Amino acid sequence: MLIRRPSDIAPSEITPRALFEDRRQFIRDAGLFAAAAGLAVTGVHPRSARAQTGKGFPNLKKGAYPIGEASTPFKDVTSYNNFYEFGTGKEDPAENAGTLKPRPWSVSVEGECAKPRRWDLDELLKLAALEERIYRLRCVEGWSMVIPWVGYPLAELIKRAEPASKAKYVEFTTLMDPKQMPGQRMAVLDWPYVEGLRIDEAMNPLTLLTLGLYGDVLPNQNGAPVRVVVPWKYGFKSAKSIVRIRFTEQEPRTAWNKAIASEYGFYSNVNPQVDHPRWSQARERRIGEFTKRPTLMFNGYGEQVASLYTGMDPKKFF
Ligand code: MTE
């Protein structure tokens, strides 16, 4: 996620492209060398989720939609993150997210619905049977992971709110608190982070209200204590540490769309045939692997979601 601000111009724009590519290759090689030598690539030691609670989630259901791929190691899932509220570097969230207080926490469900209400975190934890869902996560930047999330379909929560017929979209808002989220003191994005889905996307059984990963509560850097995960869309659609879910008639203005509308559209379905304006989306680097692999249409979830977009031009609705 690159932002065009005078103080933060992408190196590709100030360095000749070839040099920039070389530098990136050098950094990648250095990382691989460190990995081969058994050293920590990032040098950070994330707080372990297990260390936070010591017990994990008992009686987890094995989830639907198995993909038959190995999960990315816990260390990488929790130390290579995008969470701009804690800094723009990949290691920043693991280093800085200790200031986030995931309890007490509640999520307000409001807007165009018959039964708006505020849900306490403990109520959310008991609302439906938690299951382990192993999903691919494809970041718009060209890397991917496989993550064993813990949660249940967001539809479970949505249906209890009884959305009105006017409710065409669902908006998700992250906590706004610069004391807990020091990155919000910088005007990197128009805070708070906002994302959105069409209501049928939000109701799709793949869309997960996510309360944990690797069998335990969410580490702060992964969006504690509750986030959304939408596996067929680029990772930025999956808002972290949410405090509000709002049903709207109009398409929500999302944080990334407000920042760079030409690059980050509302839909952002993973699509190897539609390039990002500044790079190809045809391939991806799975964290921990050397060779890039082809990116799958809808991130491999076409069977479940392609019908949501029948008749829509993916170049127009990117
Ligand atoms: N949510 C908030 N509030 N702030 C963010 O910066 N980054 C997004 C998404 N959700 C982001 C966010 C991006 S770009 C990605 S790729 C995923 O979170 C990364 O999730 P992970 O760090 O748990 O893998």
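The structure displayed is predicted, hence computed values, not measured ones. Numbers here are sequence positions counted from 1. Remember, it's 1-based here, ligands and their atoms both numbered in the order they're listed.
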Contacts of Pro182 that satisfy side-chain contact (heavy atoms from CB on, under 4.5 Å) - sequence neighbours left out:
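So Pro182 forms a side-chain contact (heavy atoms from CB on, under 4.5 Å) with Phe86, Thr99, Arg185.
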
Relative to each other, are the rings of Tyr135 and Tyr301 parallel, tilted or perpendicular (30° and 60° limits)?
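Ring orientation of Tyr135 relative to Tyr301: perpendicular.
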
Residue set satisfying salt bridge (charged side-chain N to carboxylate O under 4.0 Å, His left out) with Glu249, at least two apart, ordered chain then number -> none

Lys315: which residues meet the salt bridge (charged side-chain N to carboxylate O under 4.0 Å, His left out) condition with it, sequence neighbours left out?
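Result, salt bridge (charged side-chain N to carboxylate O under 4.0 Å, His left out) vs Lys315: none returned.
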
Face-on cation placement of Lys240 at Phe172 ring, 6.0 Å and 45° thresholds:
no

Ligand 1: protein residues within heavy-atom distance under 4.0 Å:
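The 4.0 Å shell around ligand 1 contains Met1, Asn81, Asn82, Phe83, Tyr84, Glu85, Cys139, Trp149, Thr174, Tyr193, Asn222, Arg227, Gly235, Phe236, Ser238, Ala239, Lys240.
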
Keeping Arg285 on the side-chain end and Gly142 on the backbone end, is there a donor-acceptor pair under 3.5 Å?
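Side chain of Arg285 to backbone of Gly142: no pair is present.
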
